[in-house]
Amino acid sequence: MFGGLAAGTMFGDASWQPKLALDLEGGTQIILEPKLEGGQQVSSEQLNQAVSIIRQRVNATGVTEAEVNTQGGRNIVVSIPGKVDEDTRKRIESSAQLQFRSVLVASAPTTTTTGEDGKETPNPKPTDDLSKTPATKPTDGSDLAWVTPYLSAEFLATDCKTPTGAENAPKDQPVVACSDDGTVRYLLGPVELNGDSITDASAGIKTTSSGASTGEWAVNITLAGKGKDAFTDVSKRLFKLYSANPNDARAAFAFVLDGKVISAPVMQGVITDGRPSISGNFNEQSAKALADQLKYGALPLSFGVQSSSEISATLGATQLSGGMLAGLIGLILVVIYTLFQYRLLGFVTIFSLVVAGALTYAALALLSWGQGYRLSLAGVAGIIVAIGFTADSFIVYFERIRDELRDGRGLESAVEAGWKRAKRTIYASKGVNLLAAVVLYLLAVGNVQGFAFTLGLTTVIDVIVVVLFTHPMLQLLARNRFFASGHPLTGLDPNALGAIYRGRAQFRTPEMTGSKKALGASREAQKRQTIAERKLAEAQAANGSTSSKES
Amino acid sequence: MPSLNLTSFGNDLYTGKRSINFVGRRKLWFTIAILLVIGSIMVPVVRGITTGAPFNFSIEFTGGSEFTVSGVTDANQTKAADAVSSVVPSAVSKVSEVGDHAIRVQTDQMTSDESSQVAKALASTFKVNESEVTSSFIGPSWGADVSRQALTGLVIFLVLTFIIMALYFRTWKMSAAAIIALVDVLVITLGVYALSGFQISPAAVIGFLTILGYSLYDTVVVFDKIRENTTEAGEHSPRTFGESVNLAVNQTLVRSINTSVVAALPVASILVIGDLFLGAETLRDISLSLLVGILVATYSTIFVAAPLYSLLREKEPAIAKHDRKVLADRERAAVQGSTSEA
């Protein structure tokens, strides 16, 4: 892990220090203002929905613990740790209204026509005296009857340099729109499907029908229910047009995002499974961003950035260092207590805690590089609490060893037998913790997700340390003559542990250990007596012989 | 021999020489637990009646007021917080610098009267014109949707834990006892929280979630020992079921004490330092919930979960039959013992 981090620092932009969250480091505050037209009002419902969607989009970039809230019943404030690049800003503010429309006409955006005489004349602007209603009622989304004289003029006058206003066009009407890069203009039929029929979206490398990778990024979407049926119908219709004439513009289907055609593939087959994929000018980032936007849904409104400024941390550096100091004092208290309780064995705990601490630190630094993890003050507190969880694995283990010593085992076999029992307990209890972490991470958002992440990480590291470090270390120590002698300083003194109290003659020989579990269990049951049983045993002993009572 | 240190105390607990009757005196423990729970529920209820809010939620949950002071030359965060508390002493404020010359103060919801006073106080603190201070309402950053998702996650987690524990321990009754003990912990921790009047902030919620994990964790460790004691001895156990459970709790008592001390020490030190010296709300919020939770979780495992588990299973025909046999044997032996001694 340290190697990975070292490599990351040397060759990448990783850092030896984990990145800090908003409360400790500050970041960027973006105030988004709804783009409203005319007397349009923002309802609090729309605003809350937008906050929820933006929060999911922001969090989809990693465990950043960004803050999103409304301001003045109108604006949305997004606070993100660190600097915000253009990509992130776009991901947050764009409304991501996806529409599926059939292509009616497509051409390059030239607004002039070269006449027979070789002269270029500008195409006429659409005027109100041109008809806006179709002459015959269009039968489907690909019917050319949609193209009215007015629309045709508008189409020919579109140069794709000025906005077409397609994002606000009525859904049941045809529209003129341009491709994302402005190189093609389209006359599109009415909306056949909306982005809200998407049930899932993911980014992936596009493959050919034979399964070979094309190296091109695409967004794969899943439609279900009515959306799937509607898409199947459209697909059948367009494929029919394609079969009749492969060069027919109407065989293409346009994915329109916020009024721009991001992709208009030709329907070369019938798609009935409701899983089309959108390819366009995507790279990995933009494909993932669009997939997230589609998955979490379109914003009910479009937003524009009103202001974007750096904000400082709400908690000063004094608080972080104060927290660290508190943690350190707490740790020292733990060390004193452990040494008092477990003597030299306490050092095993302390070394193990140090190893666990170092691993946690490295993991956090690695993850803040790779996953965008940010450490908040709550996270710091979480890690300090993890000391308790981690130390408990050792305590459970040591107490089991002591239990075995009390049963009269030799140190080496006590370590093995104690480990066998402790292992089960540790796995079971850590399993519960890990389950909590995974479930909360997958389902929750924001701070809770950050917490789950820290919990899961420390749990895994804890198990790794106890299995790969603490146990082998104890195995080694058990062979050490000083420890095996059971000197009081070791914390494993059989006398102090009362093993002697049953008499040396009853010491079990190591050969018998673990050979027969049932035997061991019944022996153990014999040795672990309740008060009532002891009295009973004593009574029986008194009954059987006249030997003096031992207590 | 009087044993004063924890090691020999542990020995005595382990061998059964000394035993604390956690299972047998469960009526007492359950009565105490029920009283504690009722008390913990009463605190927020009484608070709700007297102050209008059962819990003191922070602005991340409730939303609040925001002041932006522009044209600030000396952006001192502490000064801003002081200016707010000079008007509303109880207000908790989050201050950050925006850009180079502006300061943002987020506080609890203010009345319009209070907010104009705060604006004045901020203007005079930073020596700017009052028109440079703008105020607005901000919505919660921890909205209902975040809570809803966290709760969904929690419920799914509890259901899964119930199933997994039932599979691991081969009895759903351990799951039930563990979850009831967990509820006990959460209710008492929330009660103490309401009593302290600390704000419930996102940090505190994270604290509650940690406690939830800790409580289950602690219960699983003790239950695993109970499982060992009750299953490995099998039919030939010389003890009744309740005695086996009680022995397991006693045998793990030293571990329970050590673990809770080790877990509580750093948290207590954060609480003391955070509250007394730093006034860092985040540290204080999270460490109070953790400290109370760790102690209550340890208590709850020993005094609620284990006796409850014993209670749930004792009535099972096989276990009841075994218990009767053990008791009968013991009586017979005692009679024999006393007659032969006489």
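Below, chain A is the first sequence line, B the second, and so on; all start at residue 1.
The most heavy-atom pairs under 4.5 Å with chain B, out of A/Leu47, A/Asn433, A/Asn69, come from A/Asn69. Put simply, of B/Val205, B/Leu209, B/Thr161, the one with the most heavy-atom pairs under 4.5 Å next to chain A is B/Leu209. Each of B/Met165, B/Gln106, B/Glu97, B/Gln149 has some count of heavy-atom pairs under 4.5 Å with chain A, and the biggest count is that of B/Glu97. In terms of heavy-atom pairs under 4.5 Å with chain B, the best-connected choice from A/Ser79, A/Ala428, A/Ala391 is A/Ala428. Counting heavy-atom pairs under 4.5 Å between each of B/Thr152, B/Leu154, B/Ile156 and chain A puts B/Ile156 at the top. When the candidates B/Val262, B/Val326, B/Ile294 are compared by the number of heavy-atom contacts under 4.5 Å with chain A, B/Val262 comes out ahead.
In this view, B/Phe61 and B/Phe57, B/Trp142 satisfy the ring-ring contact (aromatic ring centres under 6.0 Å, His included) rule, not counting sequence neighbours. Here A/Thr425 pairs with A/Arg400, B/Asp224 under the side-chain hydrogen bond (donor to acceptor under 3.5 Å, both in side chains) rule; sequence neighbours left out.
With a threshold of 4.5 angstrom between heavy atoms, A/Val68 approaches chain B through N, CA, C or O but not through any side-chain atom. With a threshold of 4.5 angstrom between heavy atoms, B/Leu265 approaches chain A through its backbone and through its side chain. Contacts between A/Thr28 and chain B at a heavy-atom distance below 4.5 Å are absent for every atom of the residue. The contact between A/Leu435 and chain B is made by backbone and side chain atoms together, counting heavy-atom distances below 4.5 Å. Of the two parts of B/Ile206, the backbone and the side chain both hold a non-hydrogen atom closer than 4.5 Å to a non-hydrogen atom of chain A. Neither the backbone nor the side chain of B/Phe223 comes within less than 4.5 Å of any heavy atom in chain A.
Two residues are said to be in side-chain contact when any heavy atoms from C-beta on lie closer than 4.5 Å; A/Gln341 and B/Val261 fail this criterion. Two residues are said to be in side-chain contact when any heavy atoms from C-beta on lie closer than 4.5 Å; B/Glu228 and A/Arg424 fail this criterion. A 4.5 Å side-chain heavy-atom check between B/Tyr217 and A/Asp392 finds at least one atom pair inside the cut-off. No side-chain heavy atom of B/Ile138 sits under 4.5 Å from any side-chain heavy atom of A/Val77. Taking the side chain as every heavy atom from C-beta outward, B/Arg255 and A/Asp403 never approach each other to under 4.5 Å. Side chains of B/Arg148 and A/Ser52 form no contact here, defined as non-hydrogen atoms less than 4.5 Å apart. Looking only at side-chain heavy atoms (C-beta outward), B/Phe157 and A/Leu440 stay at 4.5 Å or farther from each other.
Atoms CG and CZ, from B/Asn258 and A/Phe398 in turn, are 11.0 Å apart once rounded to the nearest 0.5 Å. In this structure, B/Lys94 NZ and A/Glu67 CD are separated by 3.5 Å, a value rounded to the nearest 0.5 Å. Taking CD of A/Gln71 as the start and OG1 of B/Thr68 as the end, the distance is 6.5 Å to the nearest 0.5 Å. In this structure, B/Ile270 CD1 and A/Leu328 CG are separated by 11.5 Å, a value rounded to the nearest 0.5 Å.
Here the side chain of A/Thr70 pairs a donor or acceptor atom with the backbone of B/Gly139 at under 3.5 angstrom.
Remark: B/Phe137 CZ is loosely packed, at most 12 non-hydrogen atoms of other residues, nucleotides or ligands lying under 6.0 Å away.
Contact record, B/Ser269 with A/Gly330: OG-N, 3.4 Å, taken as the closest heavy-atom pair.
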